[in-house]
Protein chains: 2
Amino acid sequence: MTELEKGPTGSRRGRGARERILGASRQLFREQGINRTGMDQLCAVAEVSKRTAYQHFTGKDELVAEYLRRFDPSVLSGVFDRTDLTPRERLLAVFDIPPTTPLCPYIAAAVELHDPQHPASQYARDYKKAVAARLADTAREAGAADPEQLGEQLALLIDGAAARTRVLDANAFPTAAAVATVLIDNAIPTAAGDDQRREEVAR
Amino acid sequence: MTELEKGPTGSRRGRGARERILGASRQLFREQGINRTGMDQLCAVAEVSKRTAYQHFTGKDELVAEYLRRFDPSVLSGVFDRTDLTPRERLLAVFDIPPTTPLCPYIAAAVELHDPQHPASQYARDYKKAVAARLADTAREAGAADPEQLGEQLALLIDGAAARTRVLDANAFPTAAAVATVLIDNAIPTAAGDDQRREEVAR
DNA sequence: CGTTAAGTACACCGTCTTGTGTGCTTAACG
DNA sequence: CGTTAAGCACACAAGACGGTGTACTTAACG
């Protein structure tokens with residue numbers, strides 16, 4: 001509302017309520033899920049009175065949507081802008097996630113909220129499409145025959161790795177990376193011949 | 001408890017409570033999710049008194065676990081046993097799901113329950129591993145170079161398609177099938193030469 | 001200093017949630 | 001027919017949930 005939203009001038013414990021609320025959301029929604037996190041607990045962790053929370057957000061739904069909007073998928077957004085990598089390397093770097101990743105809140109939100117009309121669900125959809133588009137752009141840059149298709153395929157691999165990691169409680173991104181290598185090398189005409197490709201497939 | 005659990009002799013409307021409860025679970029957990037389905041509503045749909053429900057299941061948790069155990073993923077279990085298909089065709093048929101599929105309750109349960117220790121979460125893990133193993137068996141039968149790896153990769157594609165279909169509200173299985181084709185043809189030494197393979201990739 | 005906006009404390013509401021306790025009816029089976 | 005187990009109706013607990021009302025304090029800024 002005011003232009004003083006970010007960076008509480010003096011964080012005398014009290015002034016930066018909105019940011020503290022969103023910080024607590026990030027922590028609790030990841031640790032416990034959205035539905036299992038009550039507003040009471042959230043406010044307690046954020047060290048914010050409940051009244052204040054409801055002055056910043058009309059309801060929990062709006063808070064959830066904003067939480068997703070604010071979520072910075074540091075891996076992806078960072079990878080796409082790295083100029084030290086070739087486009088092909090960037091496509092593969094997407095699967096090189098640190099093991100401490102909290103795991104795709106967009107999928108979690110869509111499943112937990114269970115309502116495609118929910119603002120957060122809509123945003124999750126938009127975000128997923130945006131990632132696929134970014135991947136397609138990079139694929140095009142890398143000279144892929146059908147960039148849109150490759151982008152969609154790689155996006156599917158990311159989601160598959162995320163979902164499988166969650167269910168199995170074991171990192172599935174290496175498997176996804178292996179598949180990605182095959183797809184990329186098949187889609188991009190490189191100097192590498194069929195022999196090398198076949199070797200990478202077998203690995 | 002008794003040996004009369006399945007097949008109510010006379011379904012005079014009243015006797016087969018347990019089956020009706022599980023039937024209602026299948027319907028409601030899919031339509032609304034687990035957390036958004038209360039025991040009151042579930043009992044109403046099942047036409048069962050709440051007291052009866054709690055005599056069959058010690059709590060909702062146990063009901064959820066049993067719901068997952070009973071879930072018949074008709075597509076997968078059917079596909080693996082089809083003798084009219086070659087192993088390779090069976091691996092691809094997995095992605096040929098009817099559009100009316102309710103979409104992987106195992107992933108949904110793992111996300112909704114948000115507790116890896118929950119019986120249902122543990123079963124989901126077991127099930128996913130079993131599917132990967134079945135895929136690996138079929139891959140071995142088809143003569144794949146590294147059946148375990150191919151099985152794990154195909155399993156990841158299935159989960160990716162399921163998750164992505166849920167989030168985007170659009171069928172992602174065709175994309176997964178396209179990737180599967182590439183993987184399978186790369187992993188299985190067939191009479192088909194590299195030229196044909198390259199064509200399939202471009203499609 | 002005085003105004004104004006931000007935040008606080010805390011009680012409270014209605015609703016929904018899982019789960020029980022009690023006493024009754026009904027169907028199956030020997 | 002009489003026993004036994006399955007099921008039923010219904011009220012009720014106890015707590016979590018999202019959300020509000022009210023009156024108060026504090027910090028920033030001109």
Side-chain angles (χ1 to χ4, degrees), chain A residues 1-25 28-29 32-67 112-115 118-120, chain B residues 1-25 28-29 32-67 112-115 118-120:
Chain A
M1 303 247 165
T2 78
E3 49 280 64
L4 186 55
E5 274 184 25
K6 58 158 65 175
T9 311
S11 60
R12 305 256 196 307
R13 188 241 162 265
R15 273 291 130 141
R18 190 183 179 91
E19 296 307 314
R20 264 179 290 135
I21 294 168
L22 287 166
S25 302
L28 294 176
F29 288 167
Q32 310 180 334
I34 295 171
N35 290 331
R36 301 182 107 77
T37 300
M39 290 299 283
D40 282 312
Q41 186 196 7
L42 199 145
C43 291
V45 170
E47 288 184 306
V48 153
S49 81
K50 220 168 152 192
R51 210 68 194 83
T52 300
Y54 279 97
Q55 267 148 13
H56 280 286
F57 304 95
T58 66
K60 193 184 182 183
D61 286 349
E62 193 187 300
L63 171 59
V64 172
E66 184 66 15
Y67 148 75
E112 281 206 80
L113 302 174
H114 218 278
D115 171 19
H118 193 291
Chain B
M1 302 234 166
T2 76
E3 50 279 67
L4 186 54
E5 274 182 28
K6 57 158 68 175
T9 312
S11 60
R12 305 262 195 304
R13 189 238 163 265
R15 271 293 129 138
R18 189 182 180 92
E19 296 307 313
R20 262 180 291 136
I21 294 168
L22 288 166
S25 302
L28 294 177
F29 288 166
Q32 311 180 333
I34 296 170
N35 289 331
R36 301 183 106 78
T37 299
M39 290 298 283
D40 281 316
Q41 186 196 6
L42 199 147
C43 291
V45 170
E47 288 183 307
V48 153
S49 83
K50 221 167 148 194
R51 209 71 196 81
T52 300
Y54 279 97
Q55 267 150 12
H56 280 285
F57 304 95
T58 67
K60 193 183 179 181
D61 286 350
E62 192 186 300
L63 171 58
V64 172
E66 183 67 15
Y67 148 75
E112 281 207 80
L113 302 174
H114 217 275
D115 172 18
H118 193 290

May I ask you to decide if Asn35(B)'s main-chain N or O and Glu112(B)'s side chain share a donor-acceptor pair within less than 3.5 Å? yes

Integer-rounded Å distance: dG7(D) C1' and Phe57(B) CZ: 15 Å

Whole-Å gap separating P (dG7(D)) and CZ (Arg20(B)): 7 Å

To the nearest 0.5 Å, what is the distance between NZ (Lys50(B)) and CD1 (Ile21(B))? 12.5 Å

Does Thr52(B) make a side-chain N or O approach to OP1 or OP2 of dC8(D) shorter than 4.0 Å? yes

Given Leu63(B), which partner from the list Leu42(B), Ile34(B), Thr58(B) fulfils the side chain to side chain contact (heavy atoms under 4.5 Å, CB included) test? Leu42(B)

Suppose we define a pair by two distances each less than 3.5 Å, Watson-Crick or G-U wobble; what does dG21(D) pair with here? dC10(C)

For dG30(D), the nucleotide meeting Watson-Crick or G-U wobble distances (both under 3.5 Å) is dC1(C)

With rounding to the nearest 0.5 Å, note down the distance linking NE2 in His56(A) to CG in Leu22(A). 9.5 Å

Nucleic acid footprint by protein, nucleotides 17-22 of chain D - heavy-atom cut-off 4.0 Å, B for base, S for sugar-phosphate alone: SBBBBB

Given side chains that start at C-beta, do those of Glu66(A) and Glu62(A) come closer than 4.5 Å, heavy atoms only? no

Donor-acceptor check, side chain of Asp61(B) to backbone of His118(B), threshold 3.5 angstrom: yes or no? no

Looking at His56(B), does any N or O in its side chain come under 4.0 Å of the phosphate oxygens OP1/OP2 on dG7(D)? yes

